[in-house]
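Just follow the structure's listing: the first ligand is 1, and inside any ligand the first atom is 1. Quick note: numbers below take in every heavy atom, side chains included, and nothing from hydrogens, waters or symmetry partners.
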Amino acid sequence: MKSQKAPLRMCVGCGEMKEKRELLRVVKTKDGEILLDKTGRLNGRGAYICNDKKCLQQAQKAHRLDKAFGTSVADEVYEKLAEALSDAK
Ligand SMILES: [Zn+2]
């Protein structure tokens, strides 16, 4: 086992491992809503993504969020996430 200073998470877009604080968390709430968790405190299943629209596009193309959340993620959800990403910058 490698020792790591900070917990690493994988971006669902580019697949790179990065420190958690460098990534944005996308969460699926218990109501099945998928949103950008800006506080990092929402309950639910989470996935991580770089603060980069390219990663979101890659994730969309490869349906990685569908896999991460075990559900089919609608295009409008990706659009909302893209908007939230640009706000987060
Ligand atoms: Zn990425």
Side-chain angles (χ1 to χ4, degrees):
M1 259 196 8
K2 278 192 287 181
S3 65
Q4 280 158 348
K5 277 184 245 165
L8 296 179
R9 293 291 182 274
M10 194 179 78
C11 167
V12 290
C14 59
E16 266 183 58
M17 301 293 292
K18 295 196 175 182
E19 282 183 30
K20 221 172 136 180
R21 60 185 161 85
E22 290 181 59
L23 297 167
L24 293 169
R25 186 169 179 254
V26 182
V27 77
K28 183 184 165 200
T29 67
K30 60 175 164 45
D31 303 322
E33 210 185 340
I34 291 166
L35 34 95
L36 197 69
D37 177 14
K38 286 179 186 162
T39 64
R41 284 188 203 137
L42 289 177
N43 285 320
R45 208 157 154 177
Y48 291 85
I49 190 158
C50 304
N51 191 352
D52 191 331
K53 275 190 187 176
K54 277 187 216 142
C55 288
L56 190 64
Q57 281 163 5
Q58 275 181 273
Q60 183 172 14
K61 257 189 223 161
H63 302 284
R64 295 234 178 80
L65 285 182
D66 302 39
K67 278 168 206 158
F69 294 127
T71 184
S72 119
V73 179
D75 286 345
E76 341 36 303
V77 172
Y78 282 101
E79 277 162 33
K80 267 192 209 160
L81 289 175
E83 273 172 40
L85 272 183
S86 31
D87 289 352
K89 278 213 169 152

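A donor-acceptor pair under 3.5 Å links the side-chain atoms of Asp37 to the main chain of Leu42, judged by distance alone. Although no hydrogens or angles enter the test, the distance criterion places no donor-acceptor pair under 3.5 Å between the side chain of Asp31 and the main chain of Glu33.
Using a 4.5 Å heavy-atom cutoff, the side chains of Leu65 and Leu81 are in contact. Looking at Cys50 and Glu16, their side chains never come closer than 4.5 Å, going by heavy atoms from C-beta outward.
The list of salt bridge (Lys or Arg N to Asp or Glu O under 4.0 Å) pairs with a residue in residues 59-82, not counting sequence neighbours, is empty.
A side chain to side chain contact (heavy atoms under 4.5 Å, CB included) with Leu56 is found for exactly one of Leu85, Leu24, Leu36, namely Leu85.
Counting only protein atoms, the N, O or S atoms lying less than 2.8 Å from the Zn ion (ligand 1) are Cys11 SG, Cys14 SG, Cys50 SG, Cys55 SG, ordered by chain and residue number.
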